[in-house]
Amino acid sequence: SVIGGLAAVLAAGLPAAAALPYVIASAIIHVGYELALWNAYRMGAFNQAYPIARGISPLVVALGAYLIAGERLSGLPLAGVLILAAGLMSLATSSGKLARKDAPAVLAAVLTGLTIASYTIVDGLGVRAARNPLGYAGLLFLMMGPAIPVIALFCRPASRLKDLGAAGRGLLAGVLSMVAYGVVLWVQVRAPLAEVAAVRETSVVFAALIGMIFLRESFGTRRVAASVLIAAGIIMIAV
């Protein structure tokens, strides 16, 4: 994040001063998002945690965009909210009920979704004030980057930090994360926040399939069906 963010800032320059409070707030929220997401993955199944985290976000973003940015949703998107909520409930109780052992992972996924919604709204407003999407994204990654290694030093034994395979996967994930979120910020300048968030979150179906096929996680078919319902609600919100 630091290397990529610095390169982006050097290439595009700093965003407008009006965007600085948004960048600072977003960097803090992003660190909380990373921690919540990692704990959701650590405690629960990928094909449950990811769709819940991503499915909650459009609901909160739609409400936030309405209250803060003045964006309105018509009848079809409002129907999508109900379908999305039903899909989330089905996913959280995919074993028939919310088992006690699943509750921590579900709660971590819900917290992740709330942080996603928060930084989506903050960045949607901030990148519009920045008048420089690439510079805004670069400064954001540059500010949030140092926090994660510091946290890792406190939370992980030194021997774990020497795992080159994990380090390589982490670097690859970091590059993909910067590219993906840079594209999101660019699009947020050109489209309503709720629509951007909704289209982005259709990835929940792919996550459910990955969990079922590649990670061999339980309740695969049921969770894929719930994720399809979530995606349908998300798309309706975006229409």
Side-chain angles (χ1 to χ4, degrees), residues 33-34 36-66 71 73-99 102-121 123-124 176-177 180-181 183-184 187-188 191-239:
Y33 155 75
E34 297 282 2
L37 181 64
W38 295 343
N39 278 286
Y41 289 164
R42 180 176 59 84
M43 294 185 292
F46 178 75
N47 65 2
Q48 182 183 45
Y50 184 92
I52 288 176
R54 289 293 175 182
I56 285 176
S57 175
L59 292 177
V60 182
V61 170
L63 179 60
Y66 174 82
E71 296 176 2
L73 293 177
S74 60
L76 185 61
L78 289 177
V81 167
L82 298 178
I83 292 175
L84 178 51
L88 288 170
M89 183 64 68
S90 175
L91 193 61
T93 59
S94 55
S95 61
K97 63 179 180 179
L98 182 56
D102 293 333
V106 170
L107 290 175
V110 170
L111 179 59
T112 303
L114 293 177
T115 59
I116 292 171
S118 299
Y119 74 61
T120 299
I121 294 171
D123 286 339
L176 294 173
S177 176
Y181 200 59
V183 172
V184 170
V187 174
Q188 283 181 327
L193 300 183
E195 292 184 10
V196 175
V199 173
R200 182 186 180 200
E201 307 311 352
T202 55
S203 59
V204 298
V205 177
F206 300 106
L209 290 170
I210 288 171
M212 181 180 71
I213 297 172
F214 295 102
L215 302 180
R216 306 295 182 186
E217 292 176 341
S218 60
F219 307 108
T221 303
R222 188 179 300 178
R223 287 176 179 171
V224 169
S227 296
V228 170
L229 195 62
I230 290 171
I234 290 172
I235 293 171
M236 291 173 67
I237 292 174
V239 173

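The figures that follow rest on heavy atoms only: side chains count, while hydrogens, waters and symmetry mates do not.
Residues Y181 and D123 meet the side-chain proximity criterion, which asks for heavy atoms closer than 4.5 Å. In this structure, the side chains of Y50 and S203 come closer than 4.5 Å at one or more pairs of heavy atoms. At least one side-chain heavy atom of T112 sits under 4.5 Å from a side-chain heavy atom of I116.
Between atom CZ of residue R222 and atom OG of residue S227 there is a gap of 13.0 Å, rounded to the nearest 0.5 Å. Here OH of Y33 is found 13.0 Å from CG of L114. Values are rounded to the nearest 0.5 Å. Atoms CZ and CG, on R54 and L37 in that order, are 7.5 Å from each other to the nearest 0.5 Å. Atom CG of L107 and atom CD1 of I52 lie 9.5 Å apart (nearest 0.5 Å). Between N47 atom CG and I210 atom CD1 the span is 10.5 Å, to the nearest 0.5 Å.
Between the side chain of E217 and the main chain of M212, no donor-acceptor pair closer than 3.5 Å is present.
Of all heavy-atom pairs between A108 and M43, the closest is CB-CE, 3.7 Å. Of all the heavy atoms in P51 and V204, the pair that sits closest is CA-CG1, 3.7 Å. A pairwise comparison of heavy atoms in S90 and A226 identifies OG-CB, 3.8 Å as the closest pair. The minimum heavy-atom distance between A45 and R223, with the atom names listed, is CB-NH1, 3.3 Å.
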_Go through it in stages, so that I can follow the logic: the residues are V183 and V187, the test is side chain to side chain contact (heavy atoms under 4.5 Å, CB included), and I'd like the CA-CA distance, side-chain angles, deciding distance and then a yes or no._
CA-CA 6 Å; V183 172; V187 174; 4.3 Å; yes

>> One pair to check against side chain to side chain contact (heavy atoms under 4.5 Å, CB included): I83 and L229. What are the steps and the verdict?
In response: CA-CA 7 Å; I83 292 175; L229 195 62; 3.7 Å; yes

I'd like to know whether V110 forms a side chain to side chain contact (heavy atoms under 4.5 Å, CB included) with I56, so could you lay out the CA-CA distance, the side-chain angles of the two residues, the decisive distance to 0.1 Å, and finally the verdict.
CA-CA 7 Å; V110 170; I56 285 176; 3.6 Å; yes

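Relative ring orientation between F46 and Y41 is described as tilted, the plane-to-plane angle lying within the 30° to 60° band.
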